[in-house]
K.L.:
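Just passing along the structure, written as structure tokens.
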Amino acid sequence: MGVGAGSSRVALYAAIRRDARAGMSNRALQRKHRVGYRTVTAALNSAWPEPRKAPPKRGSRLDPYRAIIDGWLRGDLDAPRKQRHTAKRIFDRLLDEHHAIEVSYWMVREYVAIRRREFRIEAGREPPNTFIPQEHLPGREAEVDFGEVAIRLRGELVTCTLFSLRLSYSGKAVHRISASAGQEAFFEGHAHAFRILGGVPTGKIRYDNLKAAVASVIGFARQRVEADRWTAFRSHYGIEAFYCQPGIQGAHEKGGVEGQIGWFRRNHLVPIPEVDSLDELNAMVDVWDEADDDRRIGSRARTVGEHFATEQPLLAPLPTEPFETGRWFTPRVDRYAQVMVRMNKYSVPARMVGRQARVLLNASDLIVFDGKTEIARHERLMTKGSTRVDLDHYLEVLLRKPGALPGATALEQARSSGRFTPVHDAWWAAACKAHGDANGTRALIEVLMLHRHLPHEHVVAGLATALRAGALTADAVALEARKHDDTGNGTADDTTADHPTTLTGDDGAHGEGETPAVRSLADRRLRARIPADTRPLPSVDKYDQLLPSRRDIPNEGAAP
């Protein structure tokens, strides 16, 4: 029985040799295995088939011009660096001097890229690409880099920055996503990584020439002029920095973190995540980093987590004092109650107009202080020339200028973020219809001020209840919102809907098992669990000193 067509040529030769040893003739072998005389002869001569001959290389339209191009490239070896042939110049010369109209620019470009490097290697000008395996000691080295990632933030596609710090021995990596690749994100990523790892590598950490760390590169050496804050940060954590060569060559010197960023992006950020904030996304990143401890890198026998368990005790301990990773600014508040930081504007309370504020810019947010008191907090803007305003910062001004509210930028941003809901709009429209535009808008502004003291959802629930009851005053909304604040489960909304008179002065009578429509102040105090009054009772002993002494009163029974 012959060998099937799907079998290998080695199996065919083995079958022919086996049948030949059994005494079959050459012709019989040809008929049985359906092969020719040459195949039977080759199988009997050798058990291993000879390799197939490579097909002749197909010619190229560039072949007649290869010698010409090679001559130009060899001449460039001794030419000044800025006066050597580019692929475009070679292509133009072929057209002008040799009329090579059948040759395309891409053919020339591909050929020049290969041959130029071969000539430089032959002349000893450039070493061949050879990579030397490296051995990394545990707890000694790490690599740091940034990479770009795309996410959907509240439904909008935005580009953020992924920070990665990877230990060279174990491959344990810590990631952090921020709004930018500025120095704040650089420092915050380090601080977060060291906190997760529980220590700092005792040897070198490899970096490329990030602007957050390097102010300028000195020639072709590895010397760098570092940024002052980066020098202080390194000193605080005891970091020994190693700067890679500029360009593509430097990427090979920290190939571990380069590959890690690509792996993380492909495995955790595909499909594109949809989140409401960067804090939510970073919480997901922390979970992913912890789960990645169970994976194996390449052909390693142990997991990342097992290698890290060996490496973690060898890290240097963290400093006891924290380092302020954010950056401070002292801008002046303009007449729109806004401060400008890094080409973007953020709102502050209107009372700060004309004054100087203290601003702490972090990787993903911005905090504004008046002295030591925090007065505003914003999510950091990702594009230059943008503005972020908070409607709450303008309420006192809008009480005096209610006509400015309908077209206010802060109102539109509040609608977009969901803070100003359709319930607000419906109650506002009803209040304006009942009290007029100015007074109705002022009533709405007073309602918006309730958000400073009550949860947002409780105020919205109070608005909905008041709207159903036709109670279009801020006091009515405040009463219903506080009922929701007391119950905490939304039952007051249903109770008020059944008893709308509670908003207009009900006497509080209710049936057995029903919730009182209006609670007393004492009841509210009991629910608030105010601690017992331990102050001493009042005394009038000090006033007794003002009374005349008995010795000063004449004796009525005494003789004159």
Side-chain angles (χ1 to χ4, degrees), residues 1-77 85 87 90-91 94 98 100-135 171 248-249 251-253 255-256 258-259 262-263 266 295-302:
M1 183 177 180
V3 179
S7 301
S8 69
R9 198 168 180 82
V10 176
L12 174 64
Y13 275 34
I16 293 174
R17 292 169 65 88
R18 182 179 63 250
D19 293 340
R21 287 193 297 269
M24 293 183 67
S25 65
N26 282 7
R27 188 174 296 275
L29 292 172
Q30 295 174 36
R31 285 196 303 266
K32 178 179 180 180
H33 297 286
R34 299 177 182 178
V35 296
Y37 172 79
R38 293 181 180 179
T39 303
V40 172
T41 303
L44 296 177
N45 291 334
S46 174
W48 194 259
E50 294 184 2
R52 293 182 181 271
K53 294 183 178 180
K57 191 174 181 181
R58 189 176 62 178
S60 170
R61 289 174 292 177
L62 192 64
D63 289 345
Y65 311 101
R66 292 179 186 270
I68 299 172
I69 297 174
D70 290 349
W72 292 341
L73 293 177
R74 285 193 177 93
D76 282 346
L77 293 174
H85 284 85
I90 290 176
F91 176 68
L94 289 176
H98 300 276
I101 57 175
E102 70 277 12
V103 175
S104 69
Y105 167 72
W106 301 106
M107 297 167 60
V108 174
R109 178 180 176 181
E110 183 180 2
Y111 181 76
V112 168
I114 297 173
R115 294 296 285 167
R116 174 181 280 136
R117 189 166 186 276
E118 291 177 351
F119 289 142
R120 291 185 61 82
I121 293 174
E122 290 175 4
R125 305 285 182 86
E126 182 177 332
N129 263 342
T130 304
F131 299 96
I132 300 175
Q134 298 289 304
E135 187 70 22
I248 199 69
Q249 293 181 346
H252 299 308
E253 297 182 353
E258 296 275 355
W263 185 93
R266 291 188 299 271
R295 73 184 182 99
R296 288 180 172 84
I297 298 176
S299 59
R300 291 185 179 185
R302 301 170 63 189

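These numbers come from a predicted model, not from an experiment.
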K.L.:
Around atom CD of Glu110, are there more than 12 heavy atoms of other residues, nucleotides or ligands at under 6.0 Å?
P.N.:
no

K.L.:
Among Val40, Asp19, Ile16, find the residue that satisfies the side-chain contact (heavy atoms from CB on, under 4.5 Å) test when tested with Met24.
P.N.:
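Single pass found, and it is Asp19.
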
K.L.:
Working to the nearest 0.5 angstrom, can you tell me the gap between Phe91 CZ and Met107 CE?
P.N.:
10.0 Å

K.L.:
How many angstroms lie between CZ in Arg120 and CG in Leu73, if you round to the nearest 0.5 Å?
P.N.:
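It comes to 11.5 Å.
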
K.L.:
I need the minimum non-hydrogen distance between Tyr13 and Ala42, along with the two atoms involved.
P.N.:
OH-CB, 3.5 Å

K.L.:
Quick one, Glu122 and Leu77 - any side-chain contact, counting heavy atoms below 4.5 Å?
P.N.:
no

K.L.:
Could you state the interatomic distance from CG (Leu62) to CD (Glu102), rounded to the nearest 0.5 Å?
P.N.:
9.0 Å

K.L.:
Restricting to non-hydrogen atoms, name the atom on Arg66 and the atom on Tyr111 that form the minimum distance, rounded to 0.1 Å.
P.N.:
NH1-CE1, 2.9 Å

K.L.:
Under 3.5 Å, side chain of Arg17 to main-chain N/O of Ala43, donor-acceptor pair present?
P.N.:
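The answer is yes, because a donor-acceptor pair under 3.5 Å joins these two groups.
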
K.L.:
Looking at every non-hydrogen atom in both residues, tell me the closest pair between Ala100 and Tyr65 and how far apart they are.
P.N.:
CB-CZ, 3.5 Å

K.L.:
If you look at every heavy atom in Pro49 and Val10, which pair is closest and at what distance?
P.N.:
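For Pro49 versus Val10, the nearest heavy atoms are CD-CG2, 3.8 Å.
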
K.L.:
Just how far is it from atom OG1 of Thr41 to atom CG of Asn26, taken to the nearest 0.5 Å?
P.N.:
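Result: 6.0 Å between the selected atoms.
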
K.L.:
Please report the interatomic distance CG(Leu94) to OH(Tyr105), rounded to the nearest 0.5 Å.
P.N.:
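Result: 12.5 Å between the selected atoms.
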
K.L.:
Evaluate side chain to side chain contact (heavy atoms under 4.5 Å, CB included) for His85 paired with Val112, printing each intermediate quantity in order.
P.N.:
CA-CA 10 Å; His85 284 85; Val112 168; over 6 Å; no

K.L.:
If I take atom CZ from residue Arg115 and atom CG from residue Asp70, how far apart are they, to the nearest 0.5 angstrom?
P.N.:
4.0 Å

K.L.:
Using a 6.0 Å cut-off, check whether atom CZ of Arg295 has over 12 heavy atoms from anything other than its own residue.
P.N.:
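Atom CZ in Arg295 is packed in, count exceeds 12.
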
K.L.:
Give the minimum heavy-atom separation between Pro64 and Ser60, together with the two atoms involved.
P.N.:
CD-O, 4.1 Å

K.L.:
When you look at CZ of Arg109, are more than 12 heavy atoms from neighbouring residues, nucleotides or ligands closer to it than 6.0 Å?
P.N.:
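Incorrect, the count does not exceed 12.
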
